[in-house]
Amino acid sequence: MNQALQKIWKTVAMVPKGKVASYGQIADLAGLPGRARMVGKSLGQVPDGQTLPWYRILRSNGQIAFPAGSESAERQKGLLQEEGVVVLNNRVRLKDFQWQPSLDEILFKLEY
DNA sequence: GGTGTGACAACAA
DNA sequence: TTTGTTGCCACAC
């Protein structure tokens, strides 16, 4: 089955609450450099049952990937703000909220 | 194989 | 800052 998909989901799952990450960042951490677009596609395939923080994933510039004002964008914005992440004009200040995995977090991930 | 697509990214203006 | 262009890579036709 889809290994890449699993890796991506596991990686997304370790983004801490109140922090965000970019598609490319997730791809890199998942060991799939250059596959940012695949991360996006994968998040769209997440079964509803799964509790995955898909909403903590943004574009490299901090923008929400959905068109501003769309239902999805609003939902994502809401979920983020509930965690304390400030969203303005459909974007987040990465300087303040981007997740910076510590070395041990990365190593822990490699154990798998 | 060729071609188009996509919850992307880097860079130029 | 915002908008275009290009480069990417896995996939579905």
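Order of the sequence lines fixes the chain letters, A, B, ..., with proteins taken first and strands second; residue numbering starts at 1 for each chain.
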Separation between CE of A:Met14 and NZ of A:Lys10, rounded to the nearest 0.5 Å: 11.0 Å
Members of residues 31-43 of chain A that approach DNA chain C, where some heavy atom sits under 4.0 Å away: A:Gly34, A:Arg35, A:Arg37, A:Met38
Straight-line distance of A:Ser102 OG to A:Phe108 CZ, nearest 0.5 Å: 11.5 Å
Spacing between A:Leu5 atom CG and C:dC11 atom C1', to the nearest angstrom: 13 Å
CA sep, side-chain torsions, deciding dist, call: A:Ile26, A:Val15, side chain to side chain contact (heavy atoms under 4.5 Å, CB included): CA-CA 9 Å; A:Ile26 294 300; A:Val15 177; 4.0 Å; yes
Gap between atoms CD1 and C1', on A:Ile8 and C:dC11 respectively (whole Å): 13 Å
A:Arg91/A:Ile64 under side chain to side chain contact (heavy atoms under 4.5 Å, CB included): CA gap, chis, key distance, verdict: CA-CA 6 Å; A:Arg91 86 171 48 171; A:Ile64 287 179; over 6 Å; no
Atom-pair distance (OH on A:Tyr23; C1' on B:dA10), nearest Å: 17 Å
Min side-chain heavy-atom separation A:Leu58-A:Gln63 under 4.5 Å: no
A:Thr11 side chain reached by A:Lys109 side chain, heavy atoms, under 4.5 Å: yes
Validation row: A:Trp99, A:Glu105 side chains within 4.5 angstrom (heavy atoms): yes
Interface residues of residues 71-84 of chain A with DNA chain B (non-hydrogen, below 4.0 angstrom): none
Pairwise side-chain contact, A:Leu52 with A:Leu43, heavy-atom cut-off 4.5 Å (strictly under): yes
Salt bridge (charged side-chain N to carboxylate O under 4.0 Å, His left out) partners of residues 17-36 of chain A, not counting sequence neighbours, each pair once: none
Range-with-range stems for DNA chain B, at least three Watson-Crick or G-U pairs under 3.5 Å: B:2-6 with C:9-13, B:8-13 with C:2-7
Heavy atoms from other residues, nucleotides or ligands near CG of A:Asn2 exceed 12 (cutoff 6.0 Å): yes
Length of the line joining A:Gln6:CD and C:dA10:C1', which is rounded to integer Å: 17 Å
Minimum side-chain heavy-atom gap A:Pro53-A:Val12 below 4.5 Å: yes
Euclidean distance, atom CG of residue A:Asn2 to atom C1' of C:dC11 [Å, nearest integer]: 11 Å
Within residues 49-69 of chain A: residues closer than 4.0 Å to DNA chain C (heavy atoms): none
Atom pair CG (A:Leu79) and CZ (A:Arg56), whose distance is rounded to the nearest 0.5 Å: 9.5 Å
Side chain proximity check, A:Phe66 to A:Gln76, heavy atoms < 4.5 angstrom: yes
DNA chain B-proximal residues of residues 89-97 of chain A, any heavy atom under 4.0 Å: none
Euclidean distance, A:Ser42 OG relative to A:Tyr23 OH, rounded to 0.5 Å: 11.0 Å
Note, A:Val92 side chain near A:Val86 side chain (heavy atom, < 4.5 Å): no
